[in-house]
S.K.: 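Sharing a structure here in structure tokens format.
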There are 2 protein chains.
Amino acid sequence: MMELPNSADLTESLKSVGLTKYESLVYIALVRVEGATATEIHEISGVPRASVYPVLDRLIQKNLVIVSHSTPRRFRAISPEEGIDNLLRQIQADADAAKQVLQEIYRQRVTADGGMEELIWSIYGEEKIIQRLEELIAHAAVSIRIVSSGQFLQKIVHSVLRTGERGIDIEIISDHPRPAGACPASVHWTTVPVSLGQAQPQIENMAGIFIVDGEKALLLMGSTDVAPTALYSESTGFVNFFMQYWSFIRGLHKKA
Amino acid sequence: MMELPNSADLTESLKSVGLTKYESLVYIALVRVEGATATEIHEISGVPRASVYPVLDRLIQKNLVIVSHSTPRRFRAISPEEGIDNLLRQIQADADAAKQVLQEIYRQRVTADGGMEELIWSIYGEEKIIQRLEELIAHAAVSIRIVSSGQFLQKIVHSVLRTGERGIDIEIISDHPRPAGACPASVHWTTVPVSLGQAQPQIENMAGIFIVDGEKALLLMGSTDVAPTALYSESTGFVNFFMQYWSFIRGLHKKA
DNA sequence: TCCTTGTTGTTCTTGTCATAACAACATTTA
DNA sequence: TAAATGTTGTTATGACAAGAACAACAAGGA
């Protein structure tokens, strides 16, 4: 009998596609054999024998298991390739349906009596910040201005280059060297040394300013030991302030 | 204020991507406006005001909402296009991870002391039967023999034709006419009248025999008022019986 | 007769929903 | 300016549903 991979990871992954703990354990057990009775499933999976029956019913409903009405009944797994794709298909259909309706609502959303674009919004955690930034960069229409630490910039550089390929005017200041290989003509890259002494502003480890189309700005703040935070705003004041800061930095490095 | 679409359907769809009822209602409310306070969200969504706060925390964690630390705090939806794709991406990653591990286990599954291929497996419900059949047809290596009612055949004919395009030898007997348009050369189609009188076997409304590679057979049984059932087997006896039945039917119609 | 299979019921646990209560802060009123 | 009122944010509690875990029993098979 082969060793079972870490089944806690597996049941956790299968929970994402809608399986309960017992459903996962039973399906995993069945995947390992060509077929089994309920009692055998109980022995392989550790799920209580009486519970195996309703669990199997549910797995049959979910098109992960088929039954032979022998005596005793025998059960067989549908291949994971097929079974999981079937589950995912339904989830995707539901997600698409919801997305369509919601996106329509979103496009017609109520225009409040202003003020929202004056707000500064907070985003916590590197993953969410990257997702927000990639979205902003992907939808840039005119220009992108960036000053960013290389440590962070490398995580989004592929998005930046992809947007550059559509001819969007992009100017980057960073301690990260210009990437070797294909770099679109519309991407202007200024590489700065990591440390230029006390008189020069330094680029922090996890820091950056990202200005899109001269009207949206995102300020990344963080250090390597604390989860990063970003502030995002469409406020004219906020954007202008960082546009000027960006120009200042660029001016410094043009002289150097 | 625009009319809200049927939000029970929406919350049901969003449940598939992992949102609770309150999370769905709050997100839907936020999608409709450019931003709102917790109290406004409570008024729009109907979720109790005290419950809105922990729900918003969770939605922020799920990258569906961002917050501005104004007084009172204001919240804003991330666009459904982006937000739902983010959720789906995680589900898909989990599904792929599970699928990979499980498929490897499945390929090495224990070979029992035979007998499974002698069993007859039951499949209930049209959707599951179609999925099973499409899988069988897609993986056919040599041949497919079909006798099927047109009513059912039309639901899988695209799969059959796609497999025909890979040169698999396919013979079909049905009351469904050969489809107009591109039909692969390896698909031989015999059309039979719906009713040939008492002396001839009739093709039931929801019925069919599907034989793949001369070693797998699926028998579809049903009528229009009862959900169909299928029997599937790799048993030599079962397959041979229906191969002979298929040949008999074909012989009848060659004479006619 | 004993064992196995299948089914049902009960209890416990956990998470979500729904409500109440309270502290802190902001705004309004006298 | 102080007091009264309203708003915001947080926490606690109870009800409910679903899943997990176990016990018990009837029916069928060996």
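Worth knowing before you read on, the calculation uses all heavy atoms, side chains too, and leaves out hydrogens, waters and symmetry mates.
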S.K.: Decide, yes or no, whether a salt bridge links B/Lys99 with A/Asp85 under the criterion of side-chain N to carboxylate O below 4.0 Å.
M.R.: yes

S.K.: Take the angle between the ring planes of A/Tyr245 and A/Phe241 and call it parallel below 30°, perpendicular above 60°, tilted in between.
M.R.: parallel

S.K.: Show, in sequence, the C-alpha distance, side-chain angles and deciding distance for A/Glu135 and A/Arg132, and conclude whether the salt bridge (charged side-chain N to carboxylate O under 4.0 Å, His left out) test is met.
M.R.: CA-CA 5 Å; A/Glu135 190 72 16; A/Arg132 271 265 97 240; over 6 Å; no

S.K.: Which parts of nucleotides 10-23 of chain D does protein reach within less than 4.0 Å, heavy atoms only, written one letter per nucleotide 5' to 3' as B for base, S for sugar-phosphate only and - for none?
M.R.: BB-------SSBBB

S.K.: How many angstroms lie between atom CG of B/Leu56 and atom CD of B/Glu23, to the nearest 0.5 angstrom?
M.R.: 10.0 Å

S.K.: Could you check whether B/Thr37 gets within reach of a base, just the sugar-phosphate, or nothing at all, counting any heavy atom under 4.0 Å?
M.R.: nothing

S.K.: Not counting sequence neighbours, which residues clear side chain to side chain contact (heavy atoms under 4.5 Å, CB included) with A/Ala217? List them please.
M.R.: A/Ile211, A/Phe238, A/Val239

S.K.: Mind calculating the distance between CD (B/Glu43) and P (D/dT8) to the nearest angstrom?
M.R.: 9 Å

S.K.: Considering only NZ, NE, NH1 and NH2 on the basic side and carboxylate oxygens on the acidic side, decide whether A/Glu234 and B/Arg76 come within less than 4.0 Å.
M.R.: yes

S.K.: Specify the residue among A/Thr71 and B/Ala38 whose closest nucleotide of DNA chain D lies further upstream toward the 5′ end.
M.R.: B/Ala38

S.K.: Could you check how far NZ of B/Lys15 sits from C1' of C/dC17, rounded to whole Å?
M.R.: 12 Å

